[in-house]
Amino acid sequence: MMRKTIFSLILVLVLMMVVGVAFAQNFGSDLSDPSNDEFLLKDAPVRLTANEHKFDFDMNDITKDHLLPDTMDKASFIGYTEQAKLPAGAIRTKETILTWGQYESLQSHVTMSSTEIAPKRIIFYVETEYPIYEIKYGSVEDATVSEVWDYETGEFLGFKVTGKPTKNWSGSPDTTQN
Amino acid sequence: MFSKSSVQKKSVLILLCLVMLFAVFMNNQSSQAASTDRSHIIIKTTSGSNAQFNGGNYRAVTKAMDSKWNSSNSHRFALRTMWLEVNGKNSQSWIENGFVDGSLNNAYYNGFYCAYGYLNNGTLTYGEYPIIGPSTNNDTTHDYHITYLGSQKYAVVVDGTTYKNFTGFNPGGSYMQLGLETNYSGSTFATTYTSIHKTKNGSGVWANWANGVTDINDQLGTGYTCEFTNHPVTAKYYHP
């Protein structure tokens, strides 16, 4: 009788675990991060002209990490993942405020510059190290990912990943063929 | 009615079944994670051995595309774009200029974008950027350019406006590709066309594609295909 009761209890526990995990897998992300779902860039916003005068930041010293304002609501940045929700092994190495011009000057080798974003536009810059990171062409190991958002609108302005491509990586379609 | 051992056996059996179901479920979940399988329905042109491409151009009318992106499948994308090789032939460096629905760094985006990638001593650098400005409405017509400006600088241009510059690439590439790509079999594209397929040669002269072939690799089984309707300067992409 005792053994039967124990087996019944284990059975119930396992059932609860299976249902719980299944629920979390299917619905957890939707419930926990509603901002992910709701985002839609509708019509093109106004051009991102300089706005540094609106903020009390000292943007002159590029070598200095600028403190994030206490009032900063990171949830408003489209697609932003906070440190606590990063995948296992990933490390957030930098979060800072920059101007777009400073961001452009941080690049090396091949550099991207934008004609639609004013150099003095304030942006939110995030850098993260990932053991492995997925892009549309496959996986990148030991990846350094930098992401930028417009500080005022929360609009995502782009990302760059640098790392070692894995075996499943392939570049543009032509590379796939060769 | 049941002996103790019978109950125990049944319990163990049920437990095993549950564990197996759980394992199958988890495997299914992980298989829905990011996958590198993708289908491309494209056309392409290549330069001759003594020639090179320093730019590419096409025109397209924006039509509906749906990657079926959602927060549980945030890697899904569907796009129509141009890939132009840069930095010399067979350099494994390229720039893209097109329109995407779905994942832009795993967040949802629907609009113009550009991207670039290159390998340097085994290290990959890849970036994606939204292009914001041109109308994203369906049935609007847009011209897309990637063009070498000199001093290792390429411009990404939509409707005559330069949105991004990439500096650090040598001129010259061996291919220009154009068409649809997705990483999800359920993505949908309304029938669409591209036209005015041009490349810029090493002397800076723009000309219609001298040659072109279809390159369909539908490994996901989307069912889409493409064909030239006026070879090699107009193409149709559709689901038969």
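Small disclaimer: the values here were computed from a predicted structure and weren't measured. First the proteins, then the strands, lettered A, B, ... as listed; each starts at 1.
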Peer 1: For A:L157 and B:Y129, work out which heavy atoms get closest and say how close.
Peer 2: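 Minimum heavy-atom contact is O-CD2, 3.4 Å.
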Peer 1: On a heavy-atom basis, which atom in A:I78 and which in B:A107 lie closest, and how many Å separate them?
Peer 2: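 Reported closest heavy-atom pair: CG2-CB, 4.3 Å.
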Peer 1: Check each atom of B:L79 against the heavy atoms of chain A and say whether the ones under 4.5 Å are side chain, backbone, both or neither.
Peer 2: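 Side chain of B:L79 only, per the 4.5 Å heavy-atom cut-off to chain A.
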Peer 1: Under 4.5 Å from any heavy atom of chain A, what part of B:N120 do you find: side chain, backbone, both or neither?
Peer 2: side chain
Peer 1: So which residue, B:T161, B:T81, B:L104, B:N87, ends up with the most heavy-atom pairs under 4.5 Å with chain A?
Peer 2: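 Top option by heavy-atom pairs under 4.5 Å: B:L104.
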Peer 1: With only heavy atoms counted, which part of B:E96 is less than 4.5 Å from chain A, the side chain, the backbone, both or neither?
Peer 2: side chain
Peer 1: For B:Y113, is it the side chain, the backbone, both or neither that has a heavy atom under 4.5 Å from a heavy atom of chain A?
Peer 2: side chain
Peer 1: Contact part of A:E141 toward chain B, heavy-atom cut-off under 4.5 Å: side chain, backbone, both or neither?
Peer 2: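 When you check distances to chain B, no heavy atom of A:E141 falls under 4.5 Å.
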Peer 1: Measuring from atom CD of B:Q152 to atom OG1 of A:T111, what distance do you get when rounded to the nearest 0.5 angstrom?
Peer 2: 9.5 Å
Peer 1: At a heavy-atom separation under 4.5 Å, does A:V140 approach chain B through its side chain, its backbone, both, or neither?
Peer 2: side chain
Peer 1: If we ignore hydrogens and angles and just use 3.5 Å, is the side chain of B:T123 paired with the main-chain N or O of A:K164 as donor and acceptor?
Peer 2: no
Peer 1: Heavy-atom distance under 4.5 Å to chain A: side chain of B:Y126, backbone, both or neither?
Peer 2: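 It is both, since atoms from each part get that close.
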Peer 1: Roughly how far, to the nearest 0.5 Å, is the CG atom of B:N105 from the NZ atom of A:K136?
Peer 2: 12.0 Å
Peer 1: Atom OH of A:Y137 and atom CG of B:L124: how far apart are they, to the nearest 0.5 Å?
Peer 2: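 These two atoms lie 10.5 Å from each other.
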Peer 1: Return the minimal non-hydrogen interatomic distance between A:P165 and B:G122, and the atom names on each side.
Peer 2: CD-O, 3.3 Å
Peer 1: Please report whether the ring centroid of B:Y109 lies less than 6.0 Å from that of A:F156.
Peer 2: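 Ring centres of B:Y109 and A:F156 not closer than 6.0 Å.
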Peer 1: Which region of A:S108, side chain (C-beta onward) or backbone (N, CA, C, O), has a non-hydrogen atom less than 4.5 Å from a non-hydrogen atom of chain B, or is it both or neither?
Peer 2: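 Backbone of A:S108 only, per the 4.5 Å heavy-atom cut-off to chain B.
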Peer 1: On a heavy-atom basis, which atom in A:E116 and which in B:I132 lie closest, and how many Å separate them?
Peer 2: OE1-O, 2.9 Å
Peer 1: Could you please spell out the steps behind the side chain to side chain contact (heavy atoms under 4.5 Å, CB included) verdict for A:K160 and B:T125?
Peer 2: CA-CA 7 Å; A:K160 185 178 81 171; B:T125 298; 3.8 Å; yes
Peer 1: Is there a side-chain contact between A:E104 and B:T167 in this structure, where contact means two heavy atoms from C-beta onward sitting under 4.5 Å apart?
Peer 2: no
Peer 1: Taking the six-membered ring for Trp, are B:Y118 and A:H109 parallel (under 30°), tilted (30 to 60°) or perpendicular (over 60°)?
Peer 2: tilted
Peer 1: Take atom NZ in A:K120; do more than 12 heavy atoms of anything else shown fall under 6.0 Å from it?
Peer 2: no
